[in-house]
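Working notes, beginning with the structure itself.
The basis for the numbers below is simple: all heavy atoms, side chains too, and nothing from hydrogens, waters or symmetry mates.
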Amino acid sequence: MAVLQMQKISICGLKKDRKSILETLQSAGVMEVTKMPQEDSGFQKMDTMSYRQMFEKSALTADQALEILQRYAPEKQSMFSALEGKDLEGERDFKRMENECENILKDAKQILSYEKKIAESKAGIMKLESQIESLAPWMNLDISMKYPGTKKCAVIIGTLAGTVTLNQVYEAVAKKEPSLEAFDIQILGTDRDQTCITAVCLKEQAGKLEDALRACGFARPSQSVEEVPKVQVKQWEEQIETLKAEIKEVEESIKQYEKERQDFKRLSDYYRIRAQKYQVLGDLLQSKKTFLVTGYVPEKDLLSLEQRLKQYDLALEHEEIKEDEEPPVLLKNNAFTECAEGVTASFGLPAKGEMDPTSVMSLCYIFLFGLMLSDAAYGLIVSLACFIALKKFPRMDSGLRKSIKLFMFSGISTLFWGVLFGGYFGDALDVIARTFLGREVTTPIIPALWFIPLNDPMKLLIYSMLFGTIHLYLGLAMKGYMLVKDKKYLDFVCDVVLWYLLLTGLIFILLPTELFGSISQMSFVFPPIVNTLAKAAAIVGALGILLMSGRSSKNPALRIALGAYDLYNITGWVSDVLSYSRLLALGLATGVIASVINQMGSMIGNSILGIIVFIIVFIGGHIFNMGINLLGAYVHTCRLQYVEFFGKFYEGGGKMFEPFRRNTKYVDFKED
């Protein structure tokens, strides 16, 4: 439960060693480089934007080449490849990129050019297919669409809007030009938008015939070809086959680069690392012979960094972190509690002066998660699956590893609560024994070690409230710890002790009442001295809060008003406690849905078909139930931490520690 102490350092080195020093810092990966202040006289910043863009473009080229290669020569990956993590390679492989990067980049660009050629060929095929489709209505035409006619006869080729019959065309022409006699019209083909026709007439009557046709929507073809349509279509089909053959040939050429896939990954990361280095380089102050770099280093890593830098002629100074300066935050927890660091980070890292709540919060998280899911079989499956994943994939991403470890511990908690509540796939054992083994089940085959929530939901509700109250008290205790640590003893008494007195007094006043007894079916009888102390504690707490919450104000009236407003916050405590009823709701939901699934599967009865149906419904239903309730438990447990628990003492808002290191996408390089 710690926020690692940061040390601010400044390094002044010779410009000739700049490249080597930055590479050493990047390789160490323990220093967050800060942007330098406004340039001073004699120092200036180097414009590295063009270099960065060049390296980023090269990295993008390698990424695109890998994507193209994956389409045409897919890399064989297991269904758990996302858990495997990055490939681990030696420093020599990284150094080799310095000499071979240009040749590998050239191959990557060649793959991109091949992809461009394929895209152009596919576009050509689409264009030809569109042209073929547009000629489909003209396939009965046995002359060129641009045929002008003979010496005495004219040929008119075109389309009429919509679908019309030959009689309708003749009637329209006769109505428009009744004097026309020597002409012939044929319908070549139709579709839903047009009717293709050809008309033959004497040349001197061609104008009148076309005008008459235009009156009923005639238009010349939008696409005319020199050849006979059938011949033209055949030529286009041959061109399509040629383009398809070219595409296949180019695809085979791309597949030849499959053996270079790993080199493309190295190349992408190599240029990505160089772009990161030049980004930092652009933030440094430099003179003609020296350069200056400042940043934060965790104190635990400072000595090892100094050892790495001993080989260079430089000056390393420790700087004091100013009061108004907020250093980056790096959490450090033990192997158990570090699993919940992602939950804390999702809310916000500790601000300056705040404690890291991960250690305490992780225990509460796992406890409440198991109570919400509360089925022993589900807990066993989740914990075993996560344990196997952690052992089988030791190189998975650290963030993912922590999340899986959190679910493993939460699964163990679920197993614990499931045994206490007697839930094993709901009531599956009882249903199987009753339906398929013919046993009369009057009591559960595996009895609950504590009680069955479905049979006694009010008992679980009371205990949910109890656990919630303990959780909230713990949050208030964390606030008290922070105040004492900062030597704010008056604040500790006024903001923590008085609230403990008020809340504890009210609880002990409530417990012996008939109202609580009727709800909980439990009775409490305290000695008179306890009742008197409870009332005294509540009164002292309430008066203390009323008088002291507004202590920052010197105005007595305003002070009382602020105290009354803070005292009104007791309603917030009540709503917070009631919020823990979700423990009951989700715990019952898991059991009820599991029970319904078991009942549905057993409806057909004891037969071959009944067994088959039961197995199918059982597997599918419980996978669904486990998945949906895992999600619900995760979300609602996070909500209880963020709103109810953190709301009592924690604000967050710290800046994450982002060291200057090799942030790679495909490969991790280790030092040989």
Side-chain angles (χ1 to χ4, degrees), residues 1-15 17-40 43 45 273 276-277 279-287 290-335 337-338 341-342 344-345 348-359 398-399 402 481-482 485-487 650-663 671:
M1 171 169 119
V3 177
L4 288 182
Q5 190 68 29
M6 289 288 170
Q7 176 65 59
K8 189 174 183 180
I9 65 171
S10 294
I11 300 172
C12 184
L14 297 176
K15 202 168 183 178
D17 296 329
R18 182 186 60 190
K19 178 177 179 292
S20 300
I21 291 174
L22 286 180
E23 287 179 352
T24 300
L25 292 176
Q26 191 175 26
S27 176
V30 296
M31 179 178 180
E32 179 177 319
V33 178
T34 58
K35 289 188 177 182
M36 305 297 289
Q38 200 65 26
E39 300 171 13
D40 299 325
F43 285 90
K45 291 185 179 181
I273 290 170
Q276 294 160 6
K277 184 175 72 174
Q279 181 179 0
V280 171
L281 185 60
D283 292 332
L284 305 183
L285 288 180
Q286 305 179 55
S287 65
T290 62
F291 75 97
L292 183 65
V293 54
T294 65
Y296 297 96
V297 180
E299 283 191 351
K300 69 180 184 65
D301 297 318
L302 187 57
L303 184 60
S304 63
L305 180 62
E306 290 176 347
Q307 292 294 328
R308 281 173 173 262
L309 296 173
K310 270 187 176 180
Q311 57 183 308
Y312 305 108
D313 188 9
L314 53 80
L316 190 152
E317 293 185 359
H318 297 188
E319 293 187 22
E320 185 177 346
I321 299 177
K322 299 176 183 177
E323 193 68 28
D324 60 345
E325 190 175 357
E326 190 156 341
V329 177
L330 180 62
L331 303 180
K332 177 63 177 177
N333 291 281
N334 59 44
T337 58
E338 69 173 5
E341 287 180 355
T344 302
L349 293 171
K352 187 176 182 180
E354 280 192 318
M355 65 183 295
D356 174 20
T358 304
S359 181
S398 61
K402 290 176 182 178
Y481 172 79
M482 292 171 60
K485 182 182 177 183
D486 295 338
K487 298 182 179 180
Y650 186 67
E651 292 183 5
K655 177 181 174 293
M656 182 178 292
F657 178 63
E658 297 177 349
F660 173 46
R661 61 185 177 188
R662 295 171 176 175
N663 289 318
E671 295 187 13

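- Applying the salt bridge (charged side-chain N to carboxylate O under 4.0 Å, His left out) test to Lys352 and every residue at least two apart in sequence or in another chain returns nothing.
- Rounded to the nearest 0.5 Å, atoms CE (Met31) and CD (Glu658) are 14.5 Å apart.
- Atoms CZ and CD, from Arg18 and Gln286 in turn, are 4.5 Å apart once rounded to the nearest 0.5 Å.
- Side-chain atoms of Thr24 and Leu305, non-hydrogen and from C-beta on, never get closer than 4.5 Å to each other.
- Considering only residues two or more places apart in sequence or on other chains, Lys15 meets the salt bridge (charged side-chain N to carboxylate O under 4.0 Å, His left out) condition with none of them.
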- Item | side-chain contact (heavy atoms from CB on, under 4.5 Å) assessment of Ile321 paired with Tyr296 | CA-CA 10 Å; Ile321 299 177; Tyr296 297 96; 4.2 Å; yes
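- Using a 4.5 Å heavy-atom cutoff, the side chains of Ser27 and Arg662 are in contact.
- Pairs passing the salt bridge (Lys or Arg N to Asp or Glu O under 4.0 Å) check and including a residue from residues 24-33, sequence neighbours excluded, read Glu32-Lys655.
- Scanning all heavy atoms of the two residues, the minimum distance from Pro350 to Pro357 falls at CG-CD, 4.4 Å.
- With a 4.5 Å cut-off on side-chain heavy atoms, Lys45 and Leu285 count as touching.
- In this structure, the ring pair (Phe, Tyr, Trp, His ring centres under 6.0 Å) partners of Tyr650, at least two apart in sequence or on a different chain, are Phe347, Phe646.
- In this structure, the side chains of Val33 and Asp283 stay at 4.5 Å or more apart for every pair of heavy atoms.
- Judged as a side chain to side chain donor-acceptor pair (under 3.5 Å), and not counting sequence neighbours, Ser20 has no contacts.
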- Please test Leu14 against Ile21 for side-chain contact (heavy atoms from CB on, under 4.5 Å), starting from the C-alpha separation and ending with a verdict. CA-CA 9 Å; Leu14 297 176; Ile21 291 174; over 6 Å; no
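- Taking Ser398 as the reference, nothing meets the side chain to side chain donor-acceptor pair (under 3.5 Å) condition, with sequence neighbours excluded.
- Partners of Glu354 under the salt bridge (charged side-chain N to carboxylate O under 4.0 Å, His left out) rule, at least two apart in sequence or in another chain, do not exist in this structure.
- Nearest approach of Gly29 to Arg661, heavy atoms of both residues: CA-CB, 3.5 Å.
- Dense packing is recorded around CD of Gln307, with more than 12 heavy atoms of other residues, nucleotides or ligands lying under 6.0 Å away.
- Contact annotation: the side chain of Val280 never approaches that of Leu25 to less than 4.5 Å [non-hydrogen atoms, C-beta and beyond].
- When atom types are taken as modelled, the side chain of Gln7 and the backbone of Glu319 share a donor-acceptor pair closer than 3.5 angstrom.
- Pairing each heavy atom of Leu292 with each of Ser10, the nearest pair is CD1-CB, 4.5 Å.
- Under the side chain to side chain contact (heavy atoms under 4.5 Å, CB included) criterion, Lys402 pairs with Glu338, Glu341, not counting sequence neighbours.
- Taken from NZ in Lys332 to OG1 in Thr358, the straight-line distance is 13.0 Å, to the nearest 0.5 Å.
- Qualifying side chain to side chain donor-acceptor pair (under 3.5 Å) partners for Gln5, counting only residues two or more places apart in sequence or in other chains: none.
- A heavy-atom distance below 4.5 Å is found between the side chains of Leu309 and Ile11.
- Minimum heavy-atom separation, Met6 to Pro298: SD-N, 3.7 Å.
- Among Leu4, Leu331, Thr337, Leu349, the one residue that satisfies the side-chain contact (heavy atoms from CB on, under 4.5 Å) test with Asp356 is Leu331.
- Counting only heavy atoms from C-beta outward, the side chains of Pro659 and Val30 never approach each other to under 4.5 Å.
- Remark: Glu23 engages Lys19, Lys277 in a salt bridge (charged side-chain N to carboxylate O under 4.0 Å, His left out) (not counting sequence neighbours).
- Residues meeting the side chain to side chain donor-acceptor pair (under 3.5 Å) test with Asp486, sequence neighbours left out: none.
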- Message: Working note: Glu317 + Ile9, criterion side-chain contact (heavy atoms from CB on, under 4.5 Å); need CA distance, chi angles, decisive distance, verdict.
- Response: CA-CA 6 Å; Glu317 293 185 359; Ile9 65 171; over 6 Å; no
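- No side-chain heavy atom of Met656 sits under 4.5 Å from any side-chain heavy atom of Pro328.
- Identified under the salt bridge (Lys or Arg N to Asp or Glu O under 4.0 Å) test for residues 291-306, with sequence neighbours left out: none.
- Nearest heavy-atom pair across Phe660 and Gln276 is CE1-O, 3.9 Å.
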